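From a predicted model like this one, the values you see are computed outputs, not experimental measurements. In what follows, every chain begins at residue 1, and chains take the letters A, B, ... in the order their sequences are listed.
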2 protein chains.
Amino acid sequence: MTTVATAWVSDLRDALGADGVLTDPDVTAAYARDQAMLADAGLPAAVVFPRSTAEVVAVMQVAARHGVPVVPRGAGSGLVGGANAIDGCITLVLTRMDAVLEVAPADRLAVVQPGVVNKSLRDAVAGAGLFYPPDPASYDWCTIGGNLAVNSGGLCCVKYGVTTDYVLGLEVVLADGRVLRTGRRTVKGVAGYDLTRLFVGSEGTLGVITEATLALRPAPRPALTLAATFATTAQTGQVVERVVTSGLIPSLMEVMDNTCIRAVDDLLKADLDRDAQALLVARSDAGGEAAVEEIALLTRICEEAGADFVHSTDDPAEGDLLLAARRMALPALERLGSVLLDDVAVPRSRIAAFIDGCDAVARECGLVIGVVGHAGDGNMHPTIVFDPTDPDQRVRAFAAFDDILELGLSLGGTIAGEHGVGTLKLDWLEREIGPVSLSVHRAIKDALDPAGLLNPGKIFRGAGSGDLAAVAGLAGD
Amino acid sequence: MTTVATAWVSDLRDALGADGVLTDPDVTAAYARDQAMLADAGLPAAVVFPRSTAEVVAVMQVAARHGVPVVPRGAGSGLVGGANAIDGCITLVLTRMDAVLEVAPADRLAVVQPGVVNKSLRDAVAGAGLFYPPDPASYDWCTIGGNLAVNSGGLCCVKYGVTTDYVLGLEVVLADGRVLRTGRRTVKGVAGYDLTRLFVGSEGTLGVITEATLALRPAPRPALTLAATFATTAQTGQVVERVVTSGLIPSLMEVMDNTCIRAVDDLLKADLDRDAQALLVARSDAGGEAAVEEIALLTRICEEAGADFVHSTDDPAEGDLLLAARRMALPALERLGSVLLDDVAVPRSRIAAFIDGCDAVARECGLVIGVVGHAGDGNMHPTIVFDPTDPDQRVRAFAAFDDILELGLSLGGTIAGEHGVGTLKLDWLEREIGPVSLSVHRAIKDALDPAGLLNPGKIFRGAGSGDLAAVAGLAGD
C-alpha cells in the first residue's frame with residue numbers, strides 16, 4: 001500500500017501544502033476515532049486539513065482518481081463511531097474551515113464554515129440579539145459540521161427543534177469533487193427536492209458539507225426554572241403526559257432516574273433526595289407573566305401527580321444550580337466505571353414505561369444503568385456503567401445496550417434520537433427501517449457516490465456488505 | 001393505443017372494481033388539470049380512485065408492468081400544473097383515501113390518509129385542543145396529500161413554519177409497487193437518511209404518499225389583530241425589517257400593495273385608504289399580556305416608520321374583518337380579468353425592493369399587477385391581470401411572469417415559495433438550482449423511479465429531455 005499511497009499523498013500535498021497533510025501513524029492515530037470508545041476504528045493513511053472549499057474539492061478529486069475512501073470529521077465529539085477511520089483512508093478534518101462568514105440580523109441567518117464550534121456560533125450571534133438553538137452536550141467543542149452530519153439535538157429540542165430545523169441551505173462537495181449548492185437564504189422555498197435535509201443527518205456518506213446557511217431565532221428571555229422529585233417513575237410519566245396534553249411547551253424539560261440522582265449526589269454532595277425515583281428539571285423562557293403562568297401550571301401538574309418536592313426560581317444562578325444536577329449526571333456515572341451511552345427516542349407517552357424497562361434491564365444484566373433524558377421530547381440516554389477489562393461485564397454491557405434498543409423499538413421508538421448510527425448501530429438501523437427502506441438508502445447512496453468512497457460502512461452496509469466490510473476494515477464489527 | 005390500453009385498463013378494473021376506474025374521455029377530462037389554467041395538460045387514459053394502500057400498490061404494479069405513466073393528484077387545487085395529466089397516463093386520484101386514522105393527544109400527533117381535506121384535519125384535532133398549522137388559501141378544499149406534494153405554506157408560516165415541519169413519517173408506494181415507511185412517531189429521530197423530507201415537496205415524482213404521521217401543536221390563544229397603511233412601500237419594508245431585528249414573531253404578517261387595496265375597496269366598499277401604497281395586517285396569538293406587548297411594539301414600529309394609520313383590536317370579529325381585506329385580494333383581482341398568480345420568496349430584508357420591482361414590471365408591460373404576500377416570511381404573490389383572449393396581452397403577461405421570477409432571483413430569492421414548480425416553472429427551476437443540482441435531482445429520480453413513470457416532466461425534465469417532452473406531451477411547453 002505504501003508506494004501506491006505515496007502517489008496520491010503527493011497529489012494531496014501538491015493541493016494542500018505539506019502542513020495540510022499528515023501521514024505519520026503516531027500522529028494520524030489521534031484522528032482515528034471519535035468518542036465511541038467501543039466502536040471499531042482503522043488507521044488513516046493520511047489526515048488532511050483543507051482551508052477552503054477548493055481544497056476540499058482537490059481532496060475529493062484525488063480520492064476519486066485513486067479510489068481512496070474519505071472519512072470526513074470535525075472535532076471528533078461523535079458518540080457512534082461515525083467519524084472513525086477506515087484502514088488506508090483519507091481522514092478529512094474540517095476544523096480549519098472555522099469562519100463565521102456572515103451574520104445577517106435583518107434576515108435572521110448566519111453563514112458558517114463547518115469547522116465553527118457550536119459555542120462560537122452562539123457567541124458570534126448573541127451580540128445581535130440572536131440565538132442558534134441546537135445545543136448538544138458537547139456544544140463548547142463540537143463543530144457545526146458534525147452537528148449537521150448527525151442532525152444534533154440537545155436540551156433545546158422540546159421547544160426549539162433540532163439542527164435540521166435551522167438549515168436553510170448548504171454547500172456540499174460531492175464524491176466526484178463537484179460543488180453542489182442546496183436550499184436558499186429565504187425562509188420558505190420549494191424549488192426542487194429538499195436536498196438540504198437529505199444531506200443533514202447523512203453522516204458524511206453523501207457529500208462533504210463545506211458551508212451552511214443557518215436560520216437564527218431572537219434571543220430567548222431569561223428563564224424561570226423548576227425542579228421536582230417523585231417517588232415513582234409513573235408519576236414522572238404522568239407529568240410529561242399532562243404537560244403535552246395541556247398545551248404547555250417548556251423551553252427545557254429533563255429527567256434523571258434514581259441511579260443518576262444518587263451518583264450526582266455522591267459527586268456534588270448536593271443533598272438531593274436519594275430515595276426519589278425521578279428528578280425533573282424544567283424551564284420556561286416565555287418571559288414576563290407568560291413564564292410565571294407556565295411555571296405555575298407546571299408546578300400544579302407536578303403536585304397533582306404527587307411530587308414529593310417542587311421548587312421554582314426566577315434567579316438565573318439558582319436556576320443554573322438546579323440544572324447542574326442534570327448536567328452532571330454523565331460525569332457522575334463516569335466516576336463509577338466506563339460508560340456505554342445509549343440514545344433512544346420514544347413517543348412521549350411511553351417515557352415512564354421506558355425508564356421502568358431500563359430498570360428491568362439493569363436488574364437482569366447486573367450492571368448499573370442510569371437514565372437521563374430529554375423528557376420533553378422523549379429522547380432518553382440510558383447509560384450503562386461497566387468495567388471494560390472484565391470480559392464478562394463487557395458481554396453483559398453489550399447485551400444490555402441491545403436490550404435497551406429492543407425496548408425502545410417495542411415502545412414505538414427509534415434506535416437513534418440525536419447521536420446518529422455510525423458503525424455502532426448498523427444492525428439496529430436495518431432492523432428499524434426494514435428491507436425496503438434499506439434498499440432506498442442504498443439506491444440514494446449509489447446515485448450520489450457510485451464508487452462508495454464517502455465514509456463507507458457508516459449508517460448502513462453497502463449492498464455487497466461482505467466486500468464492503470473487508471474494504472472498510474469492519475469485518476470484525 | 002386503444003387496444004393496448006384495454007389490456008391494462010382491465011387489470012386496473014380487476015384490482016379496483018369498475019367504479020374505481022373511469023375511462024370515458026368526457027369524464028376523465030375533469031381530472032386532466034389543476035388550477036394552473038395556463039399550464040399544458042394532456043388527457044388521461046384512465047382515472048383511478050383507490051380506497052387503500054393495497055389498491056395504490058395494485059395500480060403501480062399495473063403501471064410498472066405496462067410502462068404507463070402515473071400522475072397522482074388530490075383535489076386539484078394546485079397552481080403550477082403539477083397534477084396535470086399526460087396523454088395516455090393513469091391519473092391516480094387519492095380523494096377516496098380520506099380517513100383521519102388516529103389523533104393521539106398524549107403524543108401530539110395525527111395519522112391521516114392523503115385524501116383528507118386540510119380543514120377536515122384541523123376540525124378533527126380541534127376537539128382535543130390541538131392545531132395543525134399549515135393553512136394554504138385553499139385549506140377548505142385542498143388535501144393533505146397535495147399539501148405534502150408541494151410542501152404547502154399559508155398565512156401561518158412566519159411563526160409556525162410549513163408542511164414539512166409537521167411531518168414525522170410517511171407511508172409511500174414506490175414506482176415498482178413496494179411500500180416504504182419513512183420516519184417515526186417520535187419527536188426526534190436520526191436513524192438513517194431523512195427520506196420523509198425527500199418525499200415532501202417532490203410533487204409525486206418519487207412515490208405516492210398513502211399515509212402521513214403529522215405533528216400537531218397546542219391550539220393557539222385568541223389573536224389580537226393590527227392593521228396599518230403606509231404612503232410608501234419603503235416604509236412597509238422598514239417595518240418588516242424592524243420586526244425581524246427586534247425579535248418579534250407575529251403569528252401572521254401580511255401585506256398588499258396599492259393595486260390590491262383599490263381592487264378590494266372596489267369589491268368590498270370597505271372605505272380603505274385608496275392612496276395608501278401598502279396595507280399591513282399582523283396578528284399576535286401569544287396570549288394575555290404577551291400578546292398585548294407584541295401588538296404594542298408592532299404599533300410603535302409602524303408609527304416610527306411613518307404609518308398613516310394604525311389600528312389594533314382584541315375583538316375576534318373585528319380582527320377577521322381587518323384580515324378579510326387581505327383574504328379578498330385575489331378574488332378582487334380576478335374580477336378585473338384572468339390572473340397569473342406568481343409565488344416568489346425573497347429574503348425578508350428585500351421585500352420593499354421586490355414590491356417596487358413588481359411595480360416597475362407592471363409599468364413596463366402595461367398590465368395590472370397586484371402584489372399580496374406573506375410579509376413575515378418574505379413569500380410574495382404578485383398577480384398579473386390580463387385578458388387571455390388578447391394574444392398580445394397574453395404574451396405580455398407571460399413576459400411579466402418571467403420578469404418577476406428574474407427579479408426574485410436577482411434579490412437572492414427563489415422562484416417557488418410554496419406553490420411548487422410543476423410544469424409551469426421547469427425552465428426557471430433549472431435556472432435557479434444550476435446544472436450540478438439538476439444532475440443530483442435526476443440521479444435521485446433515476447434511483448427511485450428508473451423507468452420514469454411517476455409524474456414525468458414535473459419539477460424538472462429527465463436527462464433525455466427531448467424524448468421526455470414528447471412522451472409527456474410537453475413538447476410545446
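Atom CD1 of I415(B) and atom CZ of R184(A) lie 9.0 Å apart (nearest 0.5 Å). Between L195(B) atom CG and L198(A) atom CG the span is 7.5 Å, to the nearest 0.5 Å. Between R185(A) atom CZ and L411(B) atom CG the span is 12.0 Å, to the nearest 0.5 Å. Taking CZ of R181(A) as the start and CD1 of I433(B) as the end, the distance is 14.0 Å to the nearest 0.5 Å.
Only the side chain of N379(B) comes within contact range of chain A, judged by heavy atoms closer than 4.5 Å. For chain B, the nearby part of D165(A) is the side chain; its heavy atoms alone come within less than 4.5 Å. Only the side chain of E241(B) comes within less than 4.5 Å of a heavy atom in chain A; its backbone stays farther off. Both the backbone and the side chain of E418(A) come within less than 4.5 Å of a heavy atom of chain B. Neither the backbone nor the side chain of V172(B) comes within less than 4.5 Å of any heavy atom of chain A. Heavy atoms closer than 4.5 Å to chain B are found nowhere in V344(A), neither backbone nor side chain. Residue R431(A): no heavy atom, backbone or side chain, is found under 4.5 Å from chain B. Contact of L248(B) with chain A is made through the backbone alone, with heavy-atom distances under 4.5 Å. Of the atoms belonging to L180(A), heavy atoms from both backbone and side chain fall under 4.5 Å from chain B. Neither the backbone nor the side chain of L130(A) comes within less than 4.5 Å of any heavy atom in chain B. Proximity to chain B is limited to the side chain of H374(A), based on heavy atoms less than 4.5 angstrom apart. Only the side chain of T164(A) comes within contact range of chain B, with at least one heavy atom under 4.5 Å from a heavy atom of that chain. Using a 4.5 Å cut-off between heavy atoms, R242(A) does not touch chain B at all. For chain B, the nearby parts of D377(A) are the backbone and the side chain; heavy atoms of each come within less than 4.5 Å. Within the 4.5 angstrom heavy-atom criterion, only side-chain atoms of E432(B), from C-beta onward, approach chain A. If you measure heavy-atom distances from V158(A) to chain B, you find no contacts under 4.5 Å at all. In this structure, no portion of V240(B) lies under 4.5 Å from any heavy atom of chain A.
The candidate with the highest count of non-hydrogen atom pairs below 4.5 Å against chain B, out of G129(A), G201(A), S437(A), is S437(A). Counting heavy-atom pairs closer than 4.5 Å to chain B, the top residue among G192(A), G378(A), S152(A) is G192(A). Interface check for chain B: of the options S246(A), A447(A), S349(A), the most heavy-atom pairs under 4.5 Å are formed by S349(A). Looking only at heavy-atom pairs under 4.5 Å with chain A, the residue among L206(B), V243(B), L438(B) that has the most is L206(B). Across V440(A), I444(A), D446(A), the residue that shares the most heavy-atom pairs under 4.5 angstrom with chain B is V440(A). Heavy-atom pairs under 4.5 Å with chain A peak, among P435(B), G189(B), P105(B), at G189(B). Interface summary for chain B: among C157(A), A290(A), G153(A), G412(A), the most heavy-atom pairs under 4.5 angstrom belong to C157(A). Looking only at heavy-atom pairs under 4.5 Å with chain B, the residue among G376(A), A345(A), A443(A) that has the most is A345(A).
Between R348(A) and D107(B) there is no salt bridge, since no side-chain N of the basic residue sits under 4.0 Å from a carboxylate O of the acidic one.
A donor-acceptor contact under 3.5 angstrom links the side chains of S439(A) and R178(B), judged on distance only.
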Quiz item: Under the side-chain contact (heavy atoms from CB on, under 4.5 Å) criterion, do R108(A) and I249(B) qualify, and how do the steps go?
Solution: CA-CA 12 Å; R108(A) 262 191 215 142; I249(B) 304 184; 3.8 Å; yes

Exercise. Show the numbers, then the answer: is there a side-chain contact (heavy atoms from CB on, under 4.5 Å) between K188(B) and V162(A)?
Key: CA-CA 8 Å; K188(B) 287 157 80 175; V162(A) 295; 3.8 Å; yes

Practice problem: Show your reasoning for whether side-chain contact (heavy atoms from CB on, under 4.5 Å) applies to D194(B) and D194(A). | Solution: CA-CA 10 Å; D194(B) 189 350; D194(A) 189 349; over 6 Å; no

Practice problem: Starting from the C-alpha separation in whole Å, work towards a yes-or-no answer on side-chain contact (heavy atoms from CB on, under 4.5 Å) for V421(B) and V190(A). | Solution: CA-CA 8 Å; V421(B) 176; V190(A) 294; 5.9 Å; no

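Counting all heavy atoms, side chain and backbone alike, A191(A) lies closest to T414(B) at CB-OG1, 3.6 Å. Considering all non-hydrogen atoms of both residues, G247(B) and P218(A) come closest at O-CG, 3.2 Å.
Aromatic ring pairs are classed by plane angle as parallel below 30°, tilted from 30° to 60° and perpendicular above 60°; the pair Y193(A) and H441(B) is parallel.
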